[in-house]
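Have a look at the structure below before the remarks.
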Amino acid sequence: MLRIFHNTHYDFIRWWKWAVGITAAFLLVGLLSFIQKPINYSLEFTGGTLVEAEFTTAPDVGEIRSLLTASGLPGVEIQQFGSPREFTIRAQNAQNVSEQAAGAGLVGRRIESILKTKYGEGVRVVPGVAIGPRVGAELSRNALIALLISFVITLIYLAIRYHRRFGFAAVVATAHDFIGTLAFIKLMDLEVSLMIVAGLLTVIGYSMNDTVVIFDRVRENQHQNPSESLYDRLNRSINETLPRSIITHATSLSSVLALLIFGGEVIRPFAWVMGFGILTGTFSSMYVAAPILIWIDKKWPRKPTATRTSSTATRTSATRPSTATATR
């Protein structure tokens with residue numbers, strides 16, 4: 001059986017200061033981008049209408065936008081997908097969204113009528129999706145509830161499985177991955193849809209699993225060699241789980257790459273989120289969770305296991321009568 005990176009002795013932890021600087025700079029840029037421009041929410045959350053239009057010849061996008069604006073549909077987003085003759089038209093203007101309450105396909109039929117008047121048989125409009133403001137608000141609330149539930153379950157799991165030191169470090173690493181993925185979505189200007197929310201939930205679970213694997217090995221090594229320093233134990237545990245990590249992440253990334261190339265416009269944002277989530281989950285396990293655990297151990301050092309065992313044995317022998325005395 002092929003064994004990759006077996007018996008390695010890399011000092012991963014030594015680069016933690018550089019890693020913290022890089023991730024801090026990335027998160028700062030991402031947070032600043034939230035101030036400059038709001039998140040690009042999809043129709044599921046904002047409400048609105050989405051239609052697809054296919055032209056016989058490639059049209060002028062500016063002409064289509066001016067035509068719709070002059071016909072009472074300002075702020076319409078037009079995006080090319082597939083061939084240069086295919087476009088998606090999104091009407092997310094507040095006034096247009098309010099019209100969805102009057103009829104689910106009202107704005108869609110208006111767009112079709114406007115395009116048919118201008119291009120005649122040269123355009124084919126596919127009936128799209130129309131979501132009213134009430135449905136959009138309900139979907140937003142449900143998505144937020146799903147994210148909160150996932151965080152609570154993660155916290156409960158870590159609190160039960162680990163000592164509070166390990167649990168705290170794992171929670172911070174998971175939060176780092178979640179915030180970092182949000183910053184990535186914003187910097188990439190990805191449209192936040194229900195599929196993106198599903199990607200975020202998957203990233204939370206993937207990040208926690210990667211940290212748990214390393215921490216499990218840390219606990220095993222702690223029992224085998226209690227006198228070993230936490231710094232060396234963490235490095236050894238990361239090296240011992242390195243073959244598993246490389247194979248697992250390479251397999252996952254290959255699947256994500258296939259989705260990016262062949263998945264199409266609909267699935268591509270989800271693939272971007274998953275790809276970044278795999279990378280940041282690996283990064284945080286080594287350079288967020290491990291340094292935090294070392295910092296906690298230096299701030300509040302624990303008594304060595306050998307000392308505690310020795311003192312316990314001394315107290316036990318002192319209180320237990322000897323066999324000879326008991327016999328007499």
Side-chain angles (χ1 to χ4, degrees), residues 18-48 50 52 61 65 75-84 86-92 129 131 136 139-140 143-144 146-147 150-151 173-208 210 249-288:
W18 286 92
V20 169
I22 293 173
T23 190
F26 177 78
L27 293 178
L28 180 61
V29 173
L31 292 176
L32 290 177
S33 67
F34 278 93
I35 300 175
Q36 296 176 352
K37 183 182 177 182
I39 296 178
N40 181 23
Y41 289 104
S42 68
L43 292 178
E44 289 103 339
F45 300 120
T46 62
L50 171 68
E52 297 179 5
V61 177
R65 184 176 290 106
V76 172
E77 296 181 9
I78 304 174
Q79 183 178 6
Q80 178 186 334
F81 78 100
S83 69
E86 297 175 295
F87 295 87
T88 59
I89 302 174
R90 303 168 183 267
Q92 292 178 284
V129 179
I131 299 178
L139 289 173
S140 300
L144 180 61
L147 289 173
S150 68
F151 265 118
T174 304
H176 162 273
D177 295 340
F178 179 76
I179 298 173
T181 306
L182 286 180
F184 173 78
I185 292 171
K186 186 64 180 61
L187 293 174
M188 289 285 291
D189 197 26
L190 298 178
E191 187 180 65
V192 179
S193 62
L194 291 176
M195 191 169 294
I196 291 292
V197 174
L200 286 171
L201 294 173
T202 308
V203 166
I204 292 174
Y206 196 97
S207 168
M208 183 182 65
D210 204 51
H249 300 334
T251 304
S252 302
L253 284 174
S254 63
S255 302
V256 170
L257 184 61
L259 291 176
L260 282 172
I261 298 175
F262 306 108
E265 296 293 332
V266 176
I267 200 70
R268 191 163 292 138
F270 173 81
W272 276 117
V273 171
M274 282 302 303
F276 181 82
I278 292 171
L279 295 177
T280 190
T282 306
F283 174 88
S284 67
S285 299
M286 294 187 293
Y287 294 113
V288 177

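Just so we're clear, the structure is a prediction, and the values are computed from it rather than from any experiment.
- The distance from atom CG of L31 to atom CD1 of I35, rounded to the nearest 0.5 Å, is 7.5 Å.
- Checking side-chain atoms of S207 against main-chain N and O of I204 turns up no donor-acceptor pair under 3.5 Å.
- Contact check for L182 versus L200: side-chain heavy atoms found under the 4.5 Å cut-off.
- In this structure, OG1 on T202 lies 10.0 Å from CD1 on I278, to the nearest 0.5 angstrom.
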Q | CA sep, side-chain torsions, deciding dist, call: V20, Y287, side-chain contact (heavy atoms from CB on, under 4.5 Å) | A | CA-CA 7 Å; V20 169; Y287 294 113; over 6 Å; no
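- The shortest heavy-atom contact between M274 and G199 is SD-O, 4.1 Å.
- Note: L279 CG to L253 CG = 5.5 Å, rounded to the nearest 0.5 Å.
- Between R65 atom CZ and I89 atom CD1 the span is 10.0 Å, to the nearest 0.5 Å.
- The shortest side-chain heavy-atom distance between D210 and T282 falls under the 4.5 Å cut-off.
- To the nearest 0.5 Å, atoms CG (L257) and CZ (F262) are separated by 8.0 Å.
- By the 4.5 Å heavy-atom criterion applied to side chains, L259 and R268 are not counted as neighbours.
- Using modelled atom types, one side-chain atom of T181 and one backbone atom of D177 make a donor-acceptor pair closer than 3.5 Å.
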Q. Checking side-chain contact (heavy atoms from CB on, under 4.5 Å) for the pair N40/L190: CA distance, chi angles, key distance, verdict?
A. CA-CA 7 Å; N40 181 23; L190 298 178; over 6 Å; no
Q.
Run the side-chain contact (heavy atoms from CB on, under 4.5 Å) test on R90 and Q79 for me, step by step, so that the C-alpha distance in whole Å, both residues' side-chain angles and the decisive distance to 0.1 Å come before the verdict.
A. CA-CA 8 Å; R90 303 168 183 267; Q79 183 178 6; 4.3 Å; yes
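- With hydrogens and angles ignored, the 3.5 Å screen pairs a side-chain donor or acceptor of K186 with a backbone N or O of S33.
- Taking the ring centroids of H249 and Y206, they lie under the 6.0 Å cut-off.
- Formation of a donor-acceptor pair under 3.5 Å by the T280 side chain with backbone atoms of G277 is not found in this model.
- In this structure the side chain of I196 never reaches within 4.5 angstrom of the side chain of E191, judged on heavy atoms.
- In summary, the aromatic rings of F276 and F178 are positioned with their centroids too far apart to meet the 6.0 Å limit.
- Under the 30°/60° scheme for interplanar angles, the aromatic rings of W272 and F184 are found to be tilted.
- Across I185, V256, V192, a single residue satisfies side-chain contact (heavy atoms from CB on, under 4.5 Å) together with V273, and that is I185.
- Taking all atoms of both residues into account, the shortest heavy-atom contact from F26 to G180 is CE2-O, 3.5 Å.
- With contacts defined as side-chain heavy-atom distances shorter than 4.5 Å, the pair V29/L187 qualifies.
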Q: Start with the C-alpha distance between D189 and K37, add both sets of side-chain angles, then the distance that settles side-chain contact (heavy atoms from CB on, under 4.5 Å), and finish with yes or no.
A: CA-CA 10 Å; D189 197 26; K37 183 182 177 182; 3.6 Å; yes
